[in-house]
Amino acid sequence: MLLELLRRDLRLHWGSLVVPILILGMGLGAVVMADEGTRLTGLILETSFLIPMLPVIIHQRESAKGTLGDLLVLPVSRAAVVRLRYAEVLFFTGGLLLLAHAAVWVELSVAARHPIPMSVMSRDQFLGVGVLLIFWFAYPMPLFLGWGMKGLVVGYGSLITLVVTLAMTETDLHRFIDASMARPVAMALVLAGLFTLSYLLSLKFFSRRDF
Amino acid sequence: MANLLELRNLSKSHGAFNLRDVDLAVPAGTITGLIGANGAGKSTLLKLVLGLLPLDGGEIRLFGEDARLGGARLRQRIGFVQESPTLFPLLRVDELGEVVAPFYPRWDRATYRRICDAFELPRKTAFARLSQGSRMKAALALALSHEAELLLLDEPTSGLDPLMRRDLLDLLLEVIQDEGRAVLFSTHITSDLERVADHVAILKAGRLVLAGAKDDLLESWALVRGGEELLEGPLKDRCRGGERTELGLTLLCEGAGSLASLLPDGALQERPSLEDLVYFHDRGKESLCAR
Amino acid sequence: MRPLIRMAWATSRRLLLLMSPLLAFYLALMVVHQVTKRGTDIPAIAFTCMFMLIIVSTFQGLTFDVEGFMASLPVTRAQLVRTKYLLSFLGLLAGLALTLAVAGLAHALAPGRAAAPTPEELRSAVALALVDAFGLFAFLPFVHAFEPSRGILAFSLAAILALAASLAGWGLDGAADLFRFFQRVLAQPAPALGLIGGLLAFGLLSLSLSTWAYARRSF
Amino acid sequence: MKILLSNSSPQPIYEQILRQVRTQILAGDLKEGEALPSIRKLAQTLQISVITTKRAYDELEREGLIDTVGGKGTFVASPNAEFLREKRVRAVEEHLSKAIAEAHGSAIPPKELRRMFELLLEADHE
Amino acid sequence: MSSPLLRIDGLAKRFPEFELKSVSFGLPAGLLMGLIGPNGAGKTTLLKAILGLVKPDAGMITFQGRDLAREGAALRARIAYVSDEPKFMPGVRLRTLKEVHASFFPAWDEARWKSLMADFGLDPQNKSDTLSLGQRTRFALTLALSRDAELLVLDEPTTGLDPAFRRELLARLAATLDDRRAILFSTHITSDLEVRADLVTLLRDGEVVFSHSQDALRDSWGVVKGGLDLLETDGSNGFQGLRTNAHGFEGLTDDVESARRRYEGRALVERASLEDILVLLGRRRPEGKPHAA
């Protein structure tokens with residue numbers, strides 16, 4: 001069932017995915033030209049603000065155009081739709097990581113004129129992506145699926161104000177980040193736990209909503 | 001009785017919907033019903049009168065003047081309701097009245113409030129959050145509150161329940177209590193017209209197929225039901241359309257008064273409803289009544 | 001015309017309310033930024049204020065299918081076009097006024113840290129307003145000739161072509177310098193008047209073009 | 001004035017109005033000189049077309065039952081009962097002679113015409 | 001009658017502006033049921049509850065004996081729905097919309113879809129945002145009628161459709177009925193139902209006023225038309241609904257036989273059309289008035 005729903009989203013919403021993917025392409029170009037060291041991290045950080053928003057863009061377009069009813073009238077359960085959104089974010093993020101590696105590998109091989117071993121992301125970078133996924137997708141999603149546009153405004157609004165206040169007050173997060181990076185396995189488990197919790201909350205809020 | 005509106009061989013090609021040589025007069029003090037299939041050009045006709053669409057051919061005389069010259073000024077004397085009205089989605093129902101009022105010298109705030117209450121419209125709700133029926137009622141309240149002499153309503157009854165339609169017909173009848181005013185409204189629900197319309201105009205594929213006083217129209221046509229023998233007799237050249245079903249033949253014939261003598265025995269003659277007239281006219285004409 | 005102005009005000013009032021927290025938040029950020037960092041980027045403020053206010057004044061007519069209803073009111077198409085131009089222009093002036101207010105406020109809050117806006121900065125703000133006006137006069141005919149969404153598409157295509165042409169014509173730095181060009185011209189009074197006169201003429205041309213096109217529109 | 005319109009009866013609306021107003025005038029329920037609602041007011045109350053009410057009123061006026069004074073409205077005419085009854089009798093005779101002429105036209109012998117008349121009379125009574 | 005294909009028991013749903021109070025009725029297979037009632041009576045909410053779009057506060061809906069709350073997804077494979085204002089993703093060709101829709105229904109009948117599109121005058125290459133309300137409804141109908149759905153739930157499918165097409169549509173819908181299928185058809189245009197509806201359910205003020213066969217309805221409900229003097233002498237307690245004007249009154253009764261006996265010769269007593277019932281019953285139940293179950 002998930003496959004048909006994914007195919008449906010791609011066929012109906014490819015239009016609204018073009019713009020984000022264009023931005024993704026520009027991000028790739030800029031990073032590839034960037035200097036050696038920060039290439040991969042730069043790319044992931046720069047575009048992964050966008051990737052978690054893709055499922056939100058699709059779902060919001062579906063409800064804005066009033067076609068959410070058509071989706072829910074199909075022989076699919078509310079749970080299937082929530083699974084779709086969470087699968088999509090993993091699908092898009094996975095796609096991004098592969099694309100990033102490929103871009104960097106191609107650039108290096110071209111520069112070195114012979115194929116070189118693929119440089120795989122370091123553990124910290126993976127965890128970095130995980131943290132972003134939690135903050136930028138898993139936190140606002142239940143609010144969005146439960147209360148629609150209002151929930152989204154609250155979700156992203158609270159995140160932005162958090163980021164702005166941190167930036168304005170320049171609080172020092174490094175100590176906290178180093179501590180968590182020291183215990184990667186525990187952190188990975190925490191991130192996975194938060195992701196599942198967000199899925200369960202979305203399921204609960206979305207199932208009881210009227211359309 | 002002067003005609004408030006006269007269309008003289010009106011023609012317009014507007015994408016898929018076009019009109020060809022339409023002549024129509026709306027006399028003061030009457031209600032005229034406009035019926036026709038989807039895409040027959042009803043909305044196009046109303047929009048032409050209002051100057052929303054530029055005219056290709058023919059002439060429109062509004063209150064005796066050429067509509068093209070005094071467009072804006074003449075629109076002060078017209079009340080218009082669009083097919084599915086959008087108005088200002090963000091504004092509340094009472095704000096809509098405030099915003100439209102300055103455009104009409106004879107706007108009457110009390111009438112607007114009275115009609116909104118009669119239609120049970122929530123005055124504090126935004127227009128976009130109203131149901132389709134209530135949006136139509138709000139648009140009607142706006143069109144009826146500046147003593148418009150001519151009302152042009154494009155399917156005002158769609159989305160309204162029978163009770164609300166009866167109230168709308170009451171309002172229209174109240175409008176023409178003043179003999180100087182008239183109503184032209186298009187609808188798919190012919191039972192409404194059957195009750196109150198004085199004149200009826202039937203549009204098919206952009207042409208005015210039938211027009212005239214409703215009673216005369218209904219009395220001059222007849223539905224004849226019978227077997228295949230209907231097609232042998234002299235009835236054939238009176239027939240303007242019909243249908244063959246497993247139960248037998250139904251033919252729409254002209255000149256109901258003098259049909260009795262032409263009927264083969266066992267055939268039934270009935271008065272058509274407006275819906276029958278629209279449904280059967282030109283239907284299966286080639287196969288059934290080819291002369 | 002007066003009823004049209006009142007209608008435009010009533011319809012965009014709620015939109016302004018919706019956008020005012022965003023605008024206020026942004027301006028506060030600007031003032032704080034200026035007081036703490038001493039950098040005066042008046043043009044940046046000006047650009048956003050004007051852009052936002054122009055959007056609001058034309059916004060109401062573009063997004064919702066309101067033009068059909070407006071055309072059915074007892075007003076001529078010319079009046080509708082004039083109202084839209086007037087509102088956009090008011091948006092522009094309001095943006096300029098807001099900019100100067102922000103600069104003034106910053107100076108008042110911390111006279112030591114944020115210097116009073118120098119004539120040079122004022123000139124750049126006005127120059128930016130003129131660039132916005134130029135863009136506006138080029139944009140509005142598209143939105144009147146075509147249905148809003150198609151109009152915006154057509155305008156952006158035309159804008160990209162114009163940019164490409166100017167890039168090819170004056171090279172990389174020359175093209176994007178309409179703003180600096182205006183700044184230079186505004187320096188002396190005579191050319192400044194000439195520029196403003198030229199812009200006004202362009203505005204009138206744009207207005208008559210829009211009026212001509214809007215009369216032919218079908219709703 | 002009592003008017004009850006049935007939408008299931010074959011008779012057209014204007015005829016129902018005509019018949020009901022006529023019986024009320026002849027029966028004296030509507031007194032001489034009594035004002036009747038205007039054709040527009042009646043159309044509004046009964047929710048029907050103005051042309052329908054106008055047609056009924058024109059017919060009533062032709063039968064001398066009501067008369068319309070320009071500007072002031074429509075009133076029950078001042079008939080003497082005798083003159084009215086005689087007018088009604090003449091109208092019935094007219095219809096009968098037309099039926100007889102029609103019978104000649106379609107070669108229906110008088111005996112069969114009389115039988116048809118009896119049959120119609122009985123049918124009307126039920 | 002066999003156990004109903006669709007059964008609704010004590011369905012309740014409270015909204016800020018109105019409420020569905022314990023609605024119950026059954027729809028046996030092989031029949032077309034008309035759902036009528038004034039605006040705001042809760043018809044759309046009821047239909048959405050059947051499709052799982054609205055979650056009821058109480059009550060149960062069973063289809064083919066299975067509980068819709070639990071097996072909604074599986075049962076929706078056999079239920080087709082057309083909403084009162086069908087909306088489609090703009091800028092997409094109708095053919096693509098069909099393909100996306102069809103991929104969820106193994107029993108999709110492509111040939112039938114093509115013939116329906118031709119009959120309804122729709123071109124699969126058209127883009128969805130160029131369609132009028134009438135065309136959008138027709139396209140939604142082609143999707144609903146082209147798969148082996150056993151229950152058709154149609155919410156005011158005929159608004160915006162002209163009289164000729166409505167007549168053809170009703171005939172076509174009736175033709176699809178067999179002993180495995182049923183149709184639930186909500187509309188304001190009661191004349192469409194007078195010809196075709198086997199059963200009629202009237203919903204008013206969130207409650208079922210009656211759910212009968214149309215023949216039983218036509219035999220029991222009647223309209224008494226009499227003079228205002230009659231109203232004084234006999235009073236109006238026997239009537240379910242009443243409307244008066246300067247020239248007489250129209251009283252709605254759910255027992256036309258006894259009304260005929262009671263008013264013999266003093267008033268006109270006729271069968272009530274569905275529109276008469278709706279108009280005379282009015283919008284809200286007058287307080288304290290018992291319902292005809």
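Just so it is clear: chains get the letters A, B, ... in the order the sequence lines come, proteins before strands, and each one is counted from 1.
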Are E:E250 and B:R166 ion-paired here, with the side-chain N under 4.0 Å from a carboxylate O? no
So with a 6.0 Å cut-off around CZ of B:R129, is the heavy-atom count from everything else above 12? no
Region of B:E275 that comes under 4.5 Å of a non-hydrogen atom in chain E: both
Chain B contacts, top residue of E:G134, E:A41, E:P38 (heavy-atom pairs, under 4.5 Å): E:P38
Side chain, backbone, both or neither: which part of E:Q135 has an atom under 4.5 Å from a heavy atom of chain B? neither
Roughly how far, to the nearest 0.5 Å, is the CZ atom of E:R167 from the CZ atom of B:F280? 5.5 Å
Most contacts with chain E, counted as non-hydrogen pairs under 4.5 angstrom, among B:G133, B:G159, B:S191: B:G159
Contacts of E:N39 that satisfy side chain to side chain contact (heavy atoms under 4.5 Å, CB included) - sequence neighbours left out: B:D161, E:H188, E:R283
In this structure, are over 12 heavy atoms from other groups packed under 6.0 Å from B:R114 atom CZ? yes
Non-hydrogen atoms of chain E under 4.5 Å away: do they reach the side chain of B:D167, the backbone, both or neither? side chain
Of the listed E:L274, E:T159, E:L161, E:D84, the one with the largest count of heavy-atom pairs under 4.5 Å with chain B is E:L161
How many angstroms lie between atom CG of B:D192 and atom CD of E:E275, to the nearest 0.5 angstrom? 6.5 Å
So, for E:D162 and B:G36, which heavy atoms are closest and what is the spacing to 0.1 Å? CB-O, 3.9 Å
What pairs meet the side chain to side chain donor-acceptor pair (under 3.5 Å) rule with one or both residues in residues 199-215 of chain B, with sequence neighbours excluded? B:D215-D:T52
Find the distance between CG (E:L278) and CZ (B:R165) and round it off to the nearest 0.5 Å. 9.0 Å
Honestly, the part of B:E120 sitting under 4.5 Å from a heavy atom of chain E is side chain
